[in-house]
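What follows is a set of notes on a single structure, which appears directly below.
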Amino acid sequence: MVQAAEVAEKVRLAGVVGAGGAGFPTHLKLTNRAEVVIANGAECEPLVHVDQELMIEQAPELMRGLEATVQAAGADRAVIGIKQRYTKAIATVTAALPPGGAYKVQELGNFYPAGDEFVLVYDVLGRVIPEGGLPLQVGAMVQNIETLINVAHALDGVPVTQKYITVQGEVPHPLTVRVPVGITMREVIDLAGGSQVADPVVMVGGAMTGSVAGSLDDPVTKTTKMLLVLPRDHYVSNLRLQARSHFVRQATSSCDQCFMCTDFCPRHALGHAIEPHKLILMLGAGLPVTDPQLAGAFLCCECRTCNYICPVHLKPGNIAISVKRDLQKAGLKNPYHRETEPDPFRDLRRVPILRLIARLQLSRYDLPAPLTELAGANFRRVRLPLKQHVGAPARPTVKVGDRVQVGDVVADVAEGVMGARVHASIAGTVVEVSDAVVIDAS
């Protein structure tokens, strides 16, 4: 087995980042020490299948990446958290566990947002991460399933050039597929048979935490997890395309301060000082969005559970997120860093995932999306953004006219700078170097 000191370096060279979230460079996380490593197999977003498919199909690679991570972190145990409804994944991963009892599968409730780091750590360990804190503060290191498989590949010198993505919604053949980083979202959707509706709204990442695709010609990145194709008049499309001025005006004029948005907020349930109903009240009272009294918005995890639970269909989550963005743009810092205790009624205020899917009018799209191997797919062009991760953009190491092979480094970060390498995902010629490296196979 690779020595602990080598794991982070191999992961750095491979350009591994968190595959399901913001894209934190994994090699930096592996330089920390932890008591326990938690593999996040909860698959937080409704209708996403990537991690459950990978747990079924690549359990040995998952274990190899998990063991390397445990070794690098100096941890003494590992827990793989998987939702109870993923019975096949639970059976497959359980059968692949190393002997000795230091690794175990923990079944999680079928609730949203079970994959949120703070929620996951509490469900697995019974420990509350401090406000604005990190799992490491309570002895835990959390890694996504696909990320751990990429760690295993990194040990073999294989960099991140491919991405697993689930395509669901208005497509004839929902699937989960591995594609080169940098191809267009349109090309990925075409692999599922293409959109069945004209002018679709595509949610990148999912219905709850995802964002609306600006253009289907935008590239997929190391963090793209799901493409949810919806009609423009769908309930979720209307929710996410609504102008900020509209949902703020609607909330401040109609909110009756019932507190349900706050009661069901998963972070508030852990004792954190995020109270969506008070944000609405203060905005309605005329406070500017950068007023320090609104600073609780810094603690919003952007899960939008409060949108789901509002009995009059207001958008407290959208408001909290927009206020959070305003506070960040104003250069303000989160003042909340307390250690807290969970609400004693927390477990009675959880959102069943199937009820959430029904409430979002997505039940008709809750279909299998099997991992599908491409046969004869030929991608001719990729656009590789220099910033696919938390931190500074990578700096190009190639110029127009250079020939590259799959896995060649096309952009890197300076020593000591937070960021991640970018590698060629197809063989060809570099035709553009800007905020991205564009490679043409022709």
Side-chain angles (χ1 to χ4, degrees), residues 20 41-53 55-56 82-90 107-116 119 164-177 185 188-189 191-213 224-242 260-261 264 266 302-318 349-372:
E43 204 115 68
C44 193
E45 270 286 342
L47 311 186
V48 183
H49 286 251
V50 168
D51 288 338
Q52 53 186 299
E53 293 292 331
M55 286 187 285
I56 293 168
I82 309 176
K83 279 186 183 152
Q84 293 168 339
R85 67 193 296 240
Y86 301 156
T87 55
K88 190 173 182 180
I90 290 170
E107 296 184 17
L108 306 171
N110 300 316
F111 300 104
Y112 178 84
D116 174 78
V119 173
Y164 289 92
I165 301 173
T166 293
V167 186
Q168 281 276 31
E170 286 290 344
V171 293
H173 309 295
L175 50 69
T176 299
V177 67
M185 288 186 277
V188 181
I189 293 170
L191 295 173
S195 174
Q196 297 181 124
V197 294
D199 192 25
V201 171
V202 176
M203 298 300 304
V204 183
M208 294 297 285
T209 62
S211 58
V212 177
T224 307
K225 195 82 169 182
M226 181 190 198
L227 300 177
L228 176 61
V229 182
L230 297 173
R232 193 155 288 271
D233 62 354
H234 189 272
Y235 175 73
V236 171
S237 303
N238 289 330
L239 283 178
R240 301 306 295 279
L241 293 173
Q242 196 174 83
M260 285 187 69
C261 57
F264 278 80
E302 305 188 20
C303 68
R304 294 184 171 88
T305 300
C306 50
N307 282 1
Y308 157 83
I309 209 67
C310 178
V312 290
H313 302 280
L314 304 179
K315 315 298 182 301
N318 293 23
R349 295 169 177 164
R350 307 192 74 173
V351 177
I353 190 69
L354 294 180
R355 187 173 296 177
L356 173 64
I357 290 171
R359 176 70 176 267
L360 295 173
Q361 299 178 23
L362 294 173
S363 296
R364 61 177 293 197
Y365 305 126
D366 188 14
L367 302 169
L371 185 59
T372 304

Which atoms form the tightest heavy-atom contact between [X] and [Y], and what is the distance?
{"X": "D366", "Y": "L354", "value": "OD2-CD2, 3.9 Å"}
{"X": "A369", "Y": "T166", "value": "CB-CG2, 4.0 Å"}
{"X": "C261", "Y": "I309", "value": "CA-CG2, 3.8 Å"}
{"X": "L227", "Y": "I189", "value": "CD1-CG1, 4.0 Å"}

Subject >> Under 3.5 Å side-chain donor-acceptor pair for N318 and N307 >> reply: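 Result is yes, a qualifying pair exists.
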
Original post:
Does one side chain, of R359 or H313, offer a donor that lies under 3.5 Å from an acceptor on the other?
Top reply: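 Side chains of R359 and H313: pair found under 3.5 Å.
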
Original post:
Residues two or more places apart in sequence or in another chain: which of them pass side chain to side chain contact (heavy atoms under 4.5 Å, CB included) with S363?
Top reply: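 Side chain to side chain contact (heavy atoms under 4.5 Å, CB included) list for S363, sorted by chain: I357, A358.
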
Subject >> Results of side chain to side chain contact (heavy atoms under 4.5 Å, CB included) for C44 - residues two or more places apart only >> reply: Y112, P113

What I'd like to find out is whether the side chain of [X] reaches to under 4.5 Å of the side chain of [Y], using heavy atoms alone.
{"X": "I82", "Y": "E107", "answer": "no"}
{"X": "K88", "Y": "E53", "answer": "no"}
{"X": "Y365", "Y": "L230", "answer": "yes"}
{"X": "R85", "Y": "I353", "answer": "yes"}
{"X": "L47", "Y": "M226", "answer": "yes"}
{"X": "P46", "Y": "L356", "answer": "yes"}
{"X": "H234", "Y": "L362", "answer": "yes"}
{"X": "P266", "Y": "C303", "answer": "yes"}

In Å, rounded to the nearest 0.5 Å, how long is the span from [atom1] of [X] to [atom2] of [Y]?
{"X": "L175", "Y": "L371", "atom1": "CG", "atom2": "CG", "answer": "9.0 Å"}
{"X": "D51", "Y": "M55", "atom1": "CG", "atom2": "CE", "answer": "6.0 Å"}
{"X": "T224", "Y": "Y164", "atom1": "OG1", "atom2": "OH", "answer": "15.0 Å"}
{"X": "H49", "Y": "I56", "atom1": "NE2", "atom2": "CD1", "answer": "10.0 Å"}
{"X": "L108", "Y": "I90", "atom1": "CG", "atom2": "CD1", "answer": "8.5 Å"}
{"X": "S237", "Y": "Q361", "atom1": "OG", "atom2": "CD", "answer": "10.5 Å"}

Subject >> Intermediate values then yes/no, side-chain contact (heavy atoms from CB on, under 4.5 Å), K315 and L239 >> reply: CA-CA 8 Å; K315 315 298 182 301; L239 283 178; 2.8 Å; yes

With a cut-off of 3.5 Å and sequence neighbours excluded, list every side-chain donor-acceptor pair involving residues 191-211.
from, atom 1, to, atom 2, distance (Å)
S195, OG, V197, N, 3.2
S195, OG, V197, O, 2.8
Q196, NE2, E170, OE1, 3.4
D199, OD1, R232, NH2, 3.3
D199, OD2, R232, NE, 2.9
T209, OG1, E45, OE2, 2.7

Original post:
Do V50 and E43 pass the side-chain contact (heavy atoms from CB on, under 4.5 Å) test, and can you show the C-alpha distance, the side-chain angles, and the key distance before you say yes or no?
Top reply: CA-CA 8 Å; V50 168; E43 204 115 68; 4.0 Å; yes

Original post:
Any donor and acceptor pair, going by atom type alone, linking the side chain of K83 with main-chain N or O of A42 inside 3.5 Å?
Top reply: yes

